[in-house]
Number of protein chains: 2
Amino acid sequence: MLEAKLSDAVILKRLLDSIKELVTDANFDCNEEGLKLQAMDNSHVALVSVKMDADGFVKYRCDRPMPLGVNLGALTKVLKCAKDDDVCTLKAADDADVLNLTYEAKNSDRIAEYDMKLMDIDADQLGIPDTEYDARVTMPAAEFTRICRDLSQLGESVRIEVSKEGVRFASDGEAANGSVLLKQTEAARRKYADYGKDDVEAEGEQEGEAEGSKTKKVKKEKVKKEPGDEDTEMNGAEEDAEEDDGGEFKAKSDDEGDGEEEKSDADEDSSNKKKRKKAPASANGKAAKKSKKKSGDDDDDGSVGGVSIEMNQHVTLTFSLKYLVNFAKSQSLSDTVQLMMSNDVPLLVSYKFGQGHIHYYLAPKIGDE
Amino acid sequence: MLEAKLSDAVILKRLLDSIKELVTDANFDCNEEGLKLQAMDNSHVALVSVKMDADGFVKYRCDRPMPLGVNLGALTKVLKCAKDDDVCTLKAADDADVLNLTYEAKNSDRIAEYDMKLMDIDADQLGIPDTEYDARVTMPAAEFTRICRDLSQLGESVRIEVSKEGVRFASDGEAANGSVLLKQTEAARRKYADYGKDDVEAEGEQEGEAEGSKTKKVKKEKVKKEPGDEDTEMNGAEEDAEEDDGGEFKAKSDDEGDGEEEKSDADEDSSNKKKRKKAPASANGKAAKKSKKKSGDDDDDGSVGGVSIEMNQHVTLTFSLKYLVNFAKSQSLSDTVQLMMSNDVPLLVSYKFGQGHIHYYLAPKIGDE
DNA sequence: TGCTTAGTCT
DNA sequence: AGACTAAGCA
């Protein structure tokens, strides 16, 4: 059975708000590592991957892995019945066809309980490419939202060009062409120096979670895991942030060396194999920052303009703004967004929050389509 | 002729916002007691009863009773032309076919005047049952609104179960079932201890006002009036809160004993005849509280969670959420709502505000309809 | 974070 | 035409 208690229902509410327009039905795959959702958008153009780590819950228990087929519209409705600060508990019996959600007011004079029907959803195995990106752009989520919205008024696509100096977002439209250049600033570089170094990528394929994740009992710590050889090493010192569960694609951060992960190496081998815990929460200290989204920590996200760029080579790609605007809704979950790009490879838009992360993949437009 | 001056137009605006979707046309019946509106909703399922006591007006004069047939949509539009804090004066000549509304800014530098056409409306005699309810639930209006809205997302009906411990609102829907339990708390019990004890019920039938009420000359105070023998007594001291005009049904408050009405017995007979003043404003002191709606008086409505329950026996009833959601709009008029229920009897949802009250009646669903 | 306005869908 | 949902503004 599954029992997951979240301290504030608002996290789940925001998560659903972020993806419910993109995906109508999806499986929440739960195992002892946490909850994971991967799905193509309704038109099969974009891919969404959400992960909520067990560590992010007040209480988390999952006896055995199981997929919870959920209609996201229905779940959104049910979540709307929760107050933002309600303690939210998700429960599902092992072969249940319902997901039970309990909302408790922090003062306990109100208890609401909902049972939502589950459905069987074909888990289309999603092949998330295991890519080492040539460019990683870290910037304030609000900036990204603004740019996408602005440019979407002009045209349907945006051309994103990454160079050492900065990122340019350009769109050509009927009535006007627009271009926004964000320069890399020292302040931004410093601010994001160790951001997302260990958990940015790594959407394991299903495979990873199916057996690998369960089998591992590993550390709850925030050590990043190696895509391939997680069980064996404990290079806690590396902050590359490879956190691919499946090993299908691993994220590369060109400049490691920050070494800010906590080492929980001790437990590495202890866990069977597959310790794909990327500590989203504590590792790199970003997760912590993110969680304060609305708090407006000035020195971190909001106040500093500019972007931080890490790259191996120039990248120029064109994307549908409609999707990017949609992705940008996750701004509610994090102050910071990262764009991972390589030429001719799907863009990865990543938002990390206290309890996990949400990744969006979007294939580039080719030629002048 | 009628002349009624209200210190703040916002009261009327909120009142109209509350009922305009339920009722399209209705008579404002005015007599020296004040203004009253009673109407079935458009589908004749629910009944709305609004009362604004003469005392609640800065100035009130009604030479002889008359019905003002109003299209509520039109009145709403006209009221939108008033600023919330404008002093609003309603005037109608004895046989006028127009209602004159004057809006004066509090500093008098602006005077707006509108004439709205009146219409003849068949006053369907409304038979409001005179019921002694088995359960009375007093709770924050916002809580009631929230629950009705939440559950209306899931299903069409809500089952309300009242027990000593609390109230449960439950709804079953296609995608999910939901249940909200509000526990009775000591804080809530204290908060609402003397709430609505004297004016909760008592919608007189039309009849009452037509002849019976007029004949009485009684006090203007907050004494409840006797349906039958009004002209003779002036029991100003009782605060039972029977305020039925017609005598058809009288409101019962199980626990009276507050005794907080003011006695103005002296003037009872002095007035010609027809003094059916029920003083909603001052009696019991609740009216006063209510009027502060938006002010967020913590110790009164908003801050205290939980409900207060007074009951003779368990009650379980099922209602259409669509209507309850509609009723809940009156939250703009009061921080507190009371639900009065008996098995197999229409629910009474009552909101009291400084100038009067609004009562909604809704028949329960029987069986599994 | 809440409210108001605009647009879309029923 | 009305209601509901989503986006923008305060």
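Everything numeric in this text was worked out from a predicted model, so none of it was measured. Note on naming: letters A, B, ... go to the chains in the order of the sequence lines (proteins, then strands), and numbering restarts at 1 for each one.
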Within the 3.5 Å criterion, strictly below it, is a donor on [X] or [Y] matched to an acceptor on the partner's side chain?
| X | Y | answer |
| --- | --- | --- |
| B:S179 | B:N177 | no |
| B:Y360 | B:N326 | no |
| B:T138 | B:Q338 | yes |

Do any side-chain atoms of residues 15-23 of chain A form donor-acceptor pairs under 3.5 angstrom with protein atoms, and if so which ones, sequence neighbours left out?
residue : atom : partner : partner atom : Å
A:D17   : OD1  : A:K20   : NZ           : 3.2
A:S18   : OG   : A:R14   : O            : 2.9
A:S18   : OG   : A:S330  : OG           : 3.2
A:E21   : OE1  : A:K329  : NZ           : 3.0
A:E21   : OE2  : A:K329  : NZ           : 2.8

Please tabulate the protein-to-nucleotide N/O contacts below 3.5 Å involving nucleotides 1-6 of chain D, giving atom names and distances.
residue : atom : partner : partner atom : Å
D:dA3   : OP1  : B:E21   : OE1          : 3.4

Hey, what are the protein-to-nucleotides 8-10 of chain C N/O distances that come in under 3.5 Å?
none

message: Please determine whether a side-chain nitrogen or oxygen atom of A:R14 lies at a distance below 4.0 Å from atom OP1 or OP2 of C:dT1.
response: yes
message: With heavy-atom distances below 4.5 Å as the criterion, would you say the side chains of A:L90 and A:L12 are in contact?
response: yes
message: Which heavy atom of B:K106 sits nearest to which heavy atom of B:V87, and what is that distance?
response: CE-CG2, 4.0 Å
- prompt: With a 4.0 Å cut-off, would you call A:D8 and A:K13 a salt bridge?
  reply: no
- request: Whole angstrom is fine here: how far is it from CG in A:D85 over to P in C:dT1?
  value: 11 Å
- prompt: Can we call the ring centroids of B:Y351 and B:F327 under 6.0 Å apart?
  reply: no
